[in-house]
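What follows is one structure encoded as structure tokens, with my remarks underneath.
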Amino acid sequence: MTISEESAPAADAAPALSLGPDELPSWPQYDDGERTALLRALEQGQWWRAGGSEVSSFEREFAAYNGAPHALAVNSGTDALELALRVHGIGPGDEVIVPAFTFISTSLAVQNTGAVPVPADVDPGHQCLTPASVRAVATARTRAILPVHMAGHMADLPELHKIAAEFDAVVIQDAAHAQGASRDGVLVGADASIACYSFQNGKLMTAGEGGALTFPDRESFDRAYLLHAVGRPPQDTTYQHVTGGMNARMNEFSGAVLRSQLTRMAGHTRIREERGALLDELLAPVAGLRSQTRDPQITANPHYMYLLTLEGDRFGPEARDRLVELLKERNVPACVNFPPVYRTDGFWAGATEDVTVAELAARCPQAELIGARGLWLHHRIMLADPETVHRVAEVIASAVDEVGRP
């Protein structure tokens, strides 16, 4: 018997399947490691990176974890993206290709530099930017391609690098979801491009807020360091602001917490890989429900989110929103997908192409579908034991069946 058959409504309208309020692991997770780290930062007597050691230690450890020569910790993932763009000298008059389906920070960081974000469509399966969609919108003004490793699934960096080389552009990775991810055995930080990460409260490792960049060379790290520290070199005591910049420095308490969070990443990734595969298997029989697919080249996916999309004529225009409501009522942490970036007012507050929403929607049909019919589940679901994951699948199947009824 399949999940769908098990969850079919009984004639006497049996009570809806639901998880218990405390059945899933909590998030964020912490223990004495974080407590010890915070005290260590407190008692060193210097709470900013210029006088302490926690942030610099975290940078070394995070770089090693992601296979990168260098890392820089900053205040947020958005700051990380903006810094990466500025390191490459991107600004007014330049175009940067971004996925239409992503959180607004990807395009906002481009606009913060004065450059123009150019939305391109994503793959309907893995939901990352595709080389074909990039090539379709690239022009002589293209200075960068900014793929998002959606939910931890790495984009096709080798092909994107080829296109970037043709247009004399660079690749910058939005790896907010992808700490420790790898493609063909190559870790995200080992690619020949800058990668940008987020440590916001819901991310795979967190200090409430925060971000980081990894770099393929010392030159780009040094440039980013100056920019993130208001143009001031390390150990400067005479206010030698050698370039413009911003104050994006991370404080010592955040660095200390992230050092402890990092120690869990490898173990959590192994568990999420196993539970994510289990959830894929359990939900495969559910009619009208598609899970994010996985390219065979992906060798490690840390699974920031579990992505689902409703498909087929049995679902009306409100079905996705109703499904999210039902899942939350039944203690499955769910949220609607990001809308395409161009369907937010914030996108039009900055520099844009001379196009309309309708024109962008026509060139990004998959982002339109995923934005309107997609949802995501919090990654803590994939830290649960197998029995609980089975129950999660049953609750989802039952709720899908309910929203799909005439």
Whether the [X] and [Y] side chains hold a donor-acceptor pair (N or O, under 3.5 Å, no angle test) is what I'd like checked.
| X | Y | value |
| --- | --- | --- |
| E209 | S76 | no |
| Q127 | H153 | no |
| E252 | Q44 | yes |
| S56 | S53 | no |
| H126 | Q292 | no |
| T130 | D123 | no |
| T238 | Q240 | yes |
| T214 | Y197 | yes |

Which is it for S57 and R60 under the side chain to side chain donor-acceptor pair (under 3.5 Å) test, yes or no, and what are the steps along the way? CA-CA 5 Å; S57 294; R60 289 191 296 272; 3.2 Å; yes
Is the closest basic N to carboxylate O distance between [X] and [Y] below 4.0 Å?
| X | Y | answer |
| --- | --- | --- |
| D31 | R264 | yes |
| R183 | D295 | yes |
| R143 | E95 | no |
| R330 | E402 | yes |

Can you tell me if [X] uses its side chain to pair, donor with acceptor, with the backbone of [Y] under 3.5 Å?
| X | Y | result |
| --- | --- | --- |
| D121 | Q366 | yes |
| S260 | V257 | no |
| R314 | A287 | yes |
| H303 | A151 | no |
| E34 | A207 | no |
| T352 | W348 | no |
| R320 | G374 | yes |
| Q179 | S198 | yes |
| E166 | I163 | no |
| R373 | G312 | yes |

Taking atom [atom1] of [X] and atom [atom2] of [Y], what is their separation to the nearest 0.5 Å?
| X | Y | atom1 | atom2 | result |
| --- | --- | --- | --- | --- |
| K162 | L157 | NZ | CG | 12.5 Å |
| S182 | Q297 | OG | CD | 12.0 Å |
| D79 | N247 | CG | CG | 9.0 Å |
| R218 | D222 | CZ | CG | 4.5 Å |
| L383 | L24 | CG | CG | 9.5 Å |
| T243 | R86 | OG1 | CZ | 10.0 Å |

Only one of I396, V392, V389 passes side-chain contact (heavy atoms from CB on, under 4.5 Å) with L282; say which it is.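 Passing option: V389.
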Between [X] and [Y], how do the two ring planes meet: parallel, tilted or perpendicular, split at 30° and 60°?
| X | Y | value |
| --- | --- | --- |
| H379 | Y304 | tilted |
| Y225 | H228 | perpendicular |
| W27 | H268 | tilted |

Can you check whether [X] reaches [Y] side chain to side chain, under 4.5 Å on heavy atoms?
| X | Y | result |
| --- | --- | --- |
| M250 | W48 | no |
| L227 | M246 | no |
| N301 | R294 | yes |
| Q173 | V188 | yes |
| R275 | L279 | no |
| T263 | R259 | no |
| D191 | P216 | no |
| V96 | I145 | no |

What's the verdict on side chain to side chain donor-acceptor pair (under 3.5 Å) for S291 and Y306, showing C-alpha distance, side-chain angles and the deciding distance? CA-CA 8 Å; S291 301; Y306 190 86; 2.9 Å; yes
Distance-minimising heavy-atom pair for A100 and C364: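 Looking at all heavy atoms of both residues, the shortest contact is CB-SG, 3.7 Å.
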Locate the shortest heavy-atom distance separating V116 from A351; write the atom from each residue and the value.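 Taking V116 first and A351 second, the nearest heavy atoms are CG2-CB, 3.9 Å.
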Working note: T206 + Q200, criterion side chain to side chain donor-acceptor pair (under 3.5 Å); need CA distance, chi angles, decisive distance, verdict. CA-CA 6 Å; T206 181; Q200 173 267 348; over 6 Å; no
What pairs of residues pass the side chain to side chain donor-acceptor pair (under 3.5 Å) test when at least one of them lies in residues 108-118, not counting sequence neighbours?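 Every side chain to side chain donor-acceptor pair (under 3.5 Å) pair that includes a residue of residues 108-118, provided the two are not neighbours, is E82-N112.
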Pair L129, T102 - check side-chain contact (heavy atoms from CB on, under 4.5 Å), show working. CA-CA 10 Å; L129 193 64; T102 181; over 6 Å; no
Does the pair D401 and S398 meet the rule for a side chain to side chain donor-acceptor pair (under 3.5 Å), with working shown? CA-CA 5 Å; D401 182 74; S398 175; over 6 Å; no
Can the ring centroids of F58 and F199 be said to lie less than 6.0 angstrom from one another?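 Distance test on ring centres: under 6.0 Å, yes.
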OH of Y30: more than 12 outside heavy atoms within 6.0 angstrom?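 No.
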Steps toward side-chain contact (heavy atoms from CB on, under 4.5 Å) verdict (L310, R290): CA-CA 6 Å; L310 292 176; R290 183 182 72 202; over 6 Å; no
ring-ring contact (aromatic ring centres under 6.0 Å, His included) evaluation trace for W47 with F253: CA-CA 7 Å; W47 299 345; F253 296 109; 5.3 Å; yes
With salt bridge (charged side-chain N to carboxylate O under 4.0 Å, His left out) as the rule and sequence neighbours excluded, what pairs involving residues 333-362 come up?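 The answer is R343-E368, E353-R363.
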Using the side-chain contact (heavy atoms from CB on, under 4.5 Å) rule, take V357 and L360 through it: C-alpha gap first, then chi angles, then the decisive distance, then the call. CA-CA 5 Å; V357 171; L360 289 171; 5.8 Å; no
Pair M265-L262, side-chain contact (heavy atoms from CB on, under 4.5 Å): steps then yes or no: CA-CA 5 Å; M265 272 298 302; L262 183 59; 4.3 Å; yes
